[in-house]
Amino acid sequence: MKWIRNCFKAFLALCSLLAFSPINAQVKLPSLIADHMVLQQKSNAALWGWAQPGEKVTITTSWNRQSTTATADATGKWTASVPTAKAGGPYTITFRASNELTVSDVLLGEVWLASGQSNMEFFVTKTASSSYTGVPDYQQEIKEANFPLIRQIDVPNKVADTPQQNFTGTWKVCSPQTADTFSAVAYFFARKVHRETGYPVGIINATWGGTPAEAWTKRSVLQGDKDFQTILDRYDENVKKYPEANAAYRQALENWRADTSRSKGAQPRPPVGPNHNNSPAKLYNGMIAPLQPYSLKGVIWYQGENNAERAYQYRRLFPAMIRNWRDDFKNAKLPFYFVQISPHRSQNPEIREAQLMTYRSVPYTGMAVTTDNGDSLDIHPRNKKLVGERLSLWALKNEYGKKDRIVSGPLYKSLKIEGNKALIEFDFTGGGLVAQGGGDLNEFTIAGADQNFVPAQAVIEGNKVVVWSEAVAAPVAVRFAWRNVPKPNLFNKAGLPASPFRTDSWKGQTEGKN
């Protein structure tokens with residue numbers, strides 16, 4: 001028996017030796033670094049993967065026929081930086097260690113991360129597995145989606161307690177066979193950038209419907225602010241209560257399903273538990289951390305609906321999230337272009353104000369106003385082409401040298417009171433202010449010191465709007481499009497709508513809600 005035990009020990013020792021031998025070491029790559037990928041042109045692009053601890057990996061890029069080496073650390077991870085040339089391709093990247101991997105059909109171009117909740121997730125076309133109804137004329141859009149220099153990789157929805165190192169996904173080349181489940185906003189953004197620059201465009205699609213900004217923010221950032229700590233405390237309390245709450249939810253769901261008349265209203269929603277997509281920091285861990293340190297040109301973002309009830313908090317949370325991403329992608333000037341929330345019965349004006357304030361206070365950002373693209377009953381306005389192309393205006397001007405572009409509709413600049421009239425000045429007048437469709441300007445209200453807002457008359461005088469009401473002899477403040485579902489008609493001559501605004505800072509309905 002003793003010799004059997006000794007043989008067994010020797011066998012285990014041999015297995016251990018082989019498992020950690022360079023003969024069996026295998027260079028592995030993350031999903032981002034794969035066939036059909038797009039790497040950021042004219043940059044020091046990050047490449048990484050895993051190998052045997054201490055193993056040397058040689059990376060050879062075909063665009064310059066140069067090699068770079070990296071050594072795997074004690075955990076087996078290695079990271080390298082390779083200089084990329086101007087836009088072009090296809091190229092190959094070869095990774096050599098004890099084995100050899102070649103990544104083919106690599107393009108050098110522009111890499112954009114598209115993220116947010118369902119309005120960014122929204123597909124180009126209607127699919128059987130989705131509630132999305134597709135963009136207008138989606139059949140024709142798909143038929144014409146023959147853009148082999150546009151690629152997208154989808155990051156699967158994942159909740160994670162700790163930052164993940166990888167995800168499962170593949171790069172898709174844009175064609176009528178693949179474009180159906182592209183993010184519609186990202187597709188139209190990429191198409192516009194590609195058409196106007198000729199550059200390949202890679203989209204990393206990391207989106208999940210019905211998610212708040214705190215889910216996309218690193219936990220240490222949330223812990224570092226007492227206002228955000230409230231979010232964590234509330235979540236921790238929900239997790240403690242989850243077993244009981246989940247049992248009640250399952251019973252309510254069973255009752256709802258049994259009630260064929262649906263007299264009990266909408267289907268019950270599951271409670272927030274440890275694996276809920278609203279969990280603070282956990283989408284950052286599962287869907288953003290695995291992308292680092294991939295080299296990005298910028299970010300496009302469409303989110304905020306799930307933070308509307310805490311819009312005052314979003315004034316600080318959204319900028320904190322942007323700083324978090326910039327820090328972790330190691331680019332303090334990473335362009336971050338986002339969509340102002342469209343009119344909908346559930347979306348208060350304070351969430352749009354929080355986004356406007358973010359644009360004003362955070363450098364290298366831009367905001368696409370969409371007050372002309374709302375639907376009071378549908379949180380998913382279908383015209384994503386309008387949204388994607390408005391986001392592209394910011395990129396085309398700031399990143400691609402199209403200096404003649406008007407990137408925004410009128411944004412409130414200043415207020416001056418003259419007698420019983422208020423004079424409003426704007427940035428981004430775009431060749432002049434207009435009442436879209438003709439007629440009088442609408443959606444303006446005015447108030448005196450009593451804070452009682454009444455409908456106001458408003459006329460355009462040059463690049464100003466003059467606002468007044470016979471009911472307010474001594475005006476103090478003006479508001480514009482200040483309701484959940486406004487239908488304003490103030491635009492600039494470039495055809496872009498003015499952002500809702502207010503000139504006062506009086507207490508709002510979401511103030512103090514954390």
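Counting from 1, the numbers follow the sequence of the chain as shown.
- Partners of Glu305 according to the salt bridge (Lys or Arg N to Asp or Glu O under 4.0 Å) rule, which considers only residues two or more places apart in sequence or in another chain, do not exist here.
- Between Val38 and Tyr199 there is no side-chain heavy-atom pair separated by less than 4.5 Å.
- With values rounded to the nearest 0.5 angstrom, Lys513 atom NZ is found 15.0 Å from Thr230 atom OG1.
- Between His380 and Phe122, the ring planes lie tilted relative to each other; the angle falls in the 30° to 60° range.
- Atom-to-atom distance recorded for Leu317:CG and Asp227:CG is 8.5 Å, nearest 0.5 angstrom.
- Annotation: ring pair (Phe, Tyr, Trp, His ring centres under 6.0 Å) contacts of Tyr235 (sequence neighbours excluded): none.
- Here the closest heavy-atom approach between residue Pro274 and residue Val239 is recorded as N-CG2, 4.1 Å.
- Looking at residues two or more places apart in sequence or on another chain, you find no side-chain hydrogen bond (donor to acceptor under 3.5 Å, both in side chains) involving Thr58.
- Across Thr371, Leu356, Leu490, a single residue satisfies side-chain contact (heavy atoms from CB on, under 4.5 Å) together with Ser499, and that is Leu356.
- Partner of Trp394 under the ring-ring contact (aromatic ring centres under 6.0 Å, His included) criterion, out of Phe338, Tyr359, Phe189, Tyr364: Tyr359 alone.
- Considering only residues two or more places apart in sequence or on other chains, Pro271 meets the side chain to side chain contact (heavy atoms under 4.5 Å, CB included) condition with Tyr242, Ala245, Asn246, Tyr249.
- The line from OG1 of Thr170 to CD of Gln152 is 10.5 Å long, rounded to the nearest 0.5 Å.
- For the pair Arg315 and Tyr312, the cation-pi criterion (under 6.0 Å, within 45° of the ring axis) is fulfilled.
- Under the salt bridge (Lys or Arg N to Asp or Glu O under 4.0 Å) criterion, Glu350 pairs with no residue, sequence neighbours left out.
- Atom CD in Gln292 sits 12.0 Å away from atom OG1 in Thr79 (nearest 0.5 Å).
- Evaluation of the ring pair (Phe, Tyr, Trp, His ring centres under 6.0 Å) rule for Tyr91 yields Trp63 as partners, not counting sequence neighbours.
- Classification of the Trp171-Tyr294 ring pair by plane angle, with boundaries at 30° and 60°, yields tilted.
- With a 4.5 Å cut-off on side-chain heavy atoms, Leu47 and Thr68 do not count as touching.
- With respect to Gln355, the side-chain contact (heavy atoms from CB on, under 4.5 Å) criterion is satisfied by exactly one of Thr365, Ile341, Val369: Ile341.
- No side-chain heavy atom of Ile203 sits under 4.5 Å from any side-chain heavy atom of Arg151.
- Donor-acceptor pairing under 3.5 Å is lacking for the side chains of Gln303 and Trp216.
- Of the residues Glu196, Glu399, Glu389, the one that meets the salt bridge (Lys or Arg N to Asp or Glu O under 4.0 Å) test with Arg405 is Glu196.
- Heavy-atom neighbours of Lys56 NZ from other residues, nucleotides or ligands within 6.0 Å: at or below the threshold of 12.
- Phe491 is listed as a side-chain neighbour of Asp372, based on a closest heavy-atom distance under 4.5 Å.
- Contact annotation: the side chain of Val103 approaches that of Phe95 to within less than 4.5 Å [non-hydrogen atoms, C-beta and beyond].
- Between Leu283 and Val159 the shortest side-chain heavy-atom distance falls below 4.5 Å.
- In the model, Tyr400 has a side-chain atom that pairs as donor or acceptor with a side-chain atom of Glu110 under 3.5 Å.
- Side-chain contact check for Trp48 versus Ile33: some heavy-atom pair is nearer than 4.5 Å.
- Cys174 approaches Tyr187 most closely through the heavy-atom pair SG-CE1, 3.7 Å.
- Arg382 meets the salt bridge (Lys or Arg N to Asp or Glu O under 4.0 Å) test with no other residue; sequence neighbours excluded.
- Partners of Asp225 by salt bridge (Lys or Arg N to Asp or Glu O under 4.0 Å), not counting sequence neighbours, listed by chain and number: Arg316.
- Pairing each heavy atom of Tyr138 with each of Val124, the nearest pair is CB-O, 3.3 Å.
- Looking only at side-chain heavy atoms (C-beta outward), Lys172 and Asp154 come within less than 4.5 Å of each other.
- Under the rule for a side chain to side chain contact (heavy atoms under 4.5 Å, CB included), the partners of Thr162 that lie at least two apart in sequence or sit in another chain are Gln164.
- The structure places CD of Gln177 at 8.5 Å from CG of Asn146, a figure rounded to the nearest 0.5 Å.
- Nearest approach of Ala320 to Phe228, heavy atoms of both residues: CB-CE1, 3.8 Å.
- With 3.5 Å as the limit, one finds no donor-acceptor pair spanning the side chains of Asn119 and Gln117.
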**Request:** Start with the C-alpha distance between Thr92 and Ser104, add both sets of side-chain angles, then the distance that settles side-chain hydrogen bond (donor to acceptor under 3.5 Å, both in side chains), and finish with yes or no.
**Result:** CA-CA 5 Å; Thr92 60; Ser104 302; over 6 Å; no
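- Closest of all the heavy-atom pairs between Ile300 and Ala186 is CD1-CA, 4.0 Å.
- Among residues two or more places apart in sequence or in another chain, the side chain to side chain contact (heavy atoms under 4.5 Å, CB included) test is passed with Pro212 by Glu214, Ala215, Asn278, Asn306, Asn307, Arg310.
- At least one donor-acceptor pair closer than 3.5 Å links the side chain of Lys384 to the backbone N or O of Pro381.
- If you check the side chains of Glu55 and Ser98, you find a donor sitting under 3.5 Å from an acceptor.
- Residue Asp236 holds its CG atom at 10.0 Å from OG of Ser279, rounded to the nearest 0.5 Å.
- Residue pairs satisfying the salt bridge (Lys or Arg N to Asp or Glu O under 4.0 Å) criterion with at least one member in residues 26-44, sequence neighbours excluded, are absent.
- The ring pair (Phe, Tyr, Trp, His ring centres under 6.0 Å) check on Phe501 picks up Tyr412, Phe426, Phe480, with sequence neighbours excluded.
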**Prompt:** Can you list the steps and then say if Arg360 with Asp427 is a salt bridge (charged side-chain N to carboxylate O under 4.0 Å, His left out)?
**Reply:** CA-CA 11 Å; Arg360 291 294 196 194; Asp427 293 320; 3.0 Å; yes
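- No donor-acceptor pair closer than 3.5 Å links the side chain of Asp180 to the backbone N or O of Thr125.
- Here the closest heavy-atom approach between residue Ser342 and residue Arg352 is recorded as O-NH2, 3.3 Å.
- Both the sub-6.0 Å distance and the 45° axial angle are not jointly satisfied by Lys158 relative to the ring of Phe167.
- Few gaps surround NZ on Lys403; more than 12 heavy atoms of other groups in view lie less than 6.0 Å from it.
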**Request:** Decide salt bridge (charged side-chain N to carboxylate O under 4.0 Å, His left out) for Arg191 and Glu144; before the verdict, give the C-alpha distance in whole Å, the side-chain angles of both, and the deciding distance to 0.1 Å.
**Result:** CA-CA 11 Å; Arg191 188 177 74 176; Glu144 296 174 357; 5.2 Å; no
